[in-house]
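Just so we're on the same page: letters track the sequence lines, and every chain starts at 1. Just so it is clear, the model here is predicted, and its values are computed rather than measured.
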2 protein chains.
Amino acid sequence: MENVQPADGSSLHHPDTPDARRLDTATATFRMLSDPTRLHILWLLAQDPSDVGSLVERTGASRTSVSQHLAKLRFSGLVTTRKSSRHVVYSISDGHLTRLVMEGLNHADHKVTGEPAHD
Amino acid sequence: MENVQPADGSSLHHPDTPDARRLDTATATFRMLSDPTRLHILWLLAQDPSDVGSLVERTGASRTSVSQHLAKLRFSGLVTTRKSSRHVVYSISDGHLTRLVMEGLNHADHKVTGEPAHD
DNA sequence: ATAATGAGTGCACACGTAAGCACGTATTAT
DNA sequence: ATAATACGTGCTTACGTGTGCACTCATTAT
């Protein structure tokens with residue numbers, strides 16, 4: 001009673017049924033993208049590696065908040081760190097993530113400027 | 001003090017700075033994708049329109065849960081509905097969303113099978 | 001008409017989590 | 001040595017949110 005994906009050989013595009021593990025992993029990533037401050041941080045990092053102070057300035061969030069968010073991003077493996085003197089420089093670890101961020105913003109732009117599309 | 005994205009019109013790829021509205025919109029969409037049940041539902045809908053009962057069966061979630069999630073998705077404009085006798089058939093409204101779902105699962109698959117990549 | 005099925009909704013509860021405060025740590029400057 | 005800068009981290013509080021229960025509405029069958 002878990003997956004009822006039809007047994008026919010129709011090659012729509014996704015023969016795989018998502019097991020709980022994959023769903024949870026994807027969910028975790030999406031959850032990391034579901035906070036404005038975090039998404040802003042990731043968007044900034046998607047363009048250039050940056051240290052914490054710069055992220056604080058550019059996001060307008062508090063140092064604590066940025067640090068906490070960076071900790072989560074680091075813990076989730078979405079960003080990597082590099083020490084430079086007393087600065088810690090953050091970078092996006094995965095190119096896939098950059099695409100997700102960009103597509104998300106793109107989709108948002110589509111919704112904001114375009115259609116109110118309600119039911 | 002590390003590197004600050006210059007204010008000039010350098011065409012790296014993203015001349016736009018994300019205003020709060022765009023960030024919030026994208027965040028809202030990502031939040032809709034950040035629940036396992038909802039992501040499962042969207043994945044199912046990404047393949048074929050489906051009624052509520054079928055979604056209940058295939059996700060293994062309770063009717064209440066599925067209904068609530070569908071209400072949120074409907075309210076966010078991510079799905080559309082169509083009545084067929086006493087069934088309500090749901091569909092994904094935007095092709096962008098399908099791409100996001102697929103990329104998210106793809107990224108997840110990458111992370112699960114591939115690298116444990118921790119620091 | 002009544003019964004049954006499919007779907008949606010208010011309510012209560014439990015849990016996760018974002019934000020601010022205060023403090024600790026590491027590195028550089030004087 | 002001390003002071004200052006750059007980050008990180010428990011702690012508490014407040015809020016959002018996912019889920020189950022019970023109930024209602026709509027549609028179809030008998």
Query - Which nucleotide in C:dG8, D:dT9, D:dC7 has an atom nearest any side-chain atom of A:Arg74 - result: D:dT9
Query raised in the report: Between C:dG6 and B:Tyr90, is there an OP1 or OP2 to side-chain N/O distance shorter than 4.0 Å?
Result: no
Query raised in the report: Can you tell me how far C1' of C:dG6 sits from CG of B:Leu70, to the nearest Å?
Result: 13 Å
**Report entry** B:Arg21 bridged to B:Asp24 by N-O distance under 4.0 Å
**Finding:** no
**Report entry** Common cluster, A:Leu45/A:Met102, ILVMFWY with side-chain heavy-atom separation under 4.5 Å
**Finding:** yes
**Report entry** Selection: residues 60-67 of chain A, any non-hydrogen atom under 4.0 Å of DNA chain C
**Finding:** A:Ser62, A:Thr64, A:Ser65
Query - Passing option when A:Ile41 is tested against A:Leu70, A:Val56, A:Val79 for side chain to side chain contact (heavy atoms under 4.5 Å, CB included) - result: A:Leu70
Query raised in the report: Rounded to the Å, how far apart are B:Asp51 CG and D:dT27 C1'?
Result: 14 Å
Query raised in the report: Looking at the side chain of B:Gln68, which of D:dG20, C:dA19, C:dG20 is the nearest nucleotide?
Result: D:dG20
Query raised in the report: Any side-chain N or O of B:Arg38 under 4.0 Å from OP1/OP2 of D:dT17?
Result: no
**Report entry** Under-4.0 Å side-chain N/O to phosphate OP1/OP2 contact, B:His69 with D:dT17
**Finding:** no
Requested in this report: List the steps, then state whether side chain to side chain contact (heavy atoms under 4.5 Å, CB included) holds for A:Leu78 with A:Asp94.
Outcome: CA-CA 7 Å; A:Leu78 302 186; A:Asp94 197 308; over 6 Å; no
Report summary line: Per-nt protein contacts along nucleotides 25-30 of chain C (heavy atom under 4.0 Å; B base, S backbone sugar-phosphate only, - none) come out as --SS--
Requested in this report: Using whole Å, report how far CZ of B:Arg82 lies from P of C:dG6.
Outcome: 17 Å
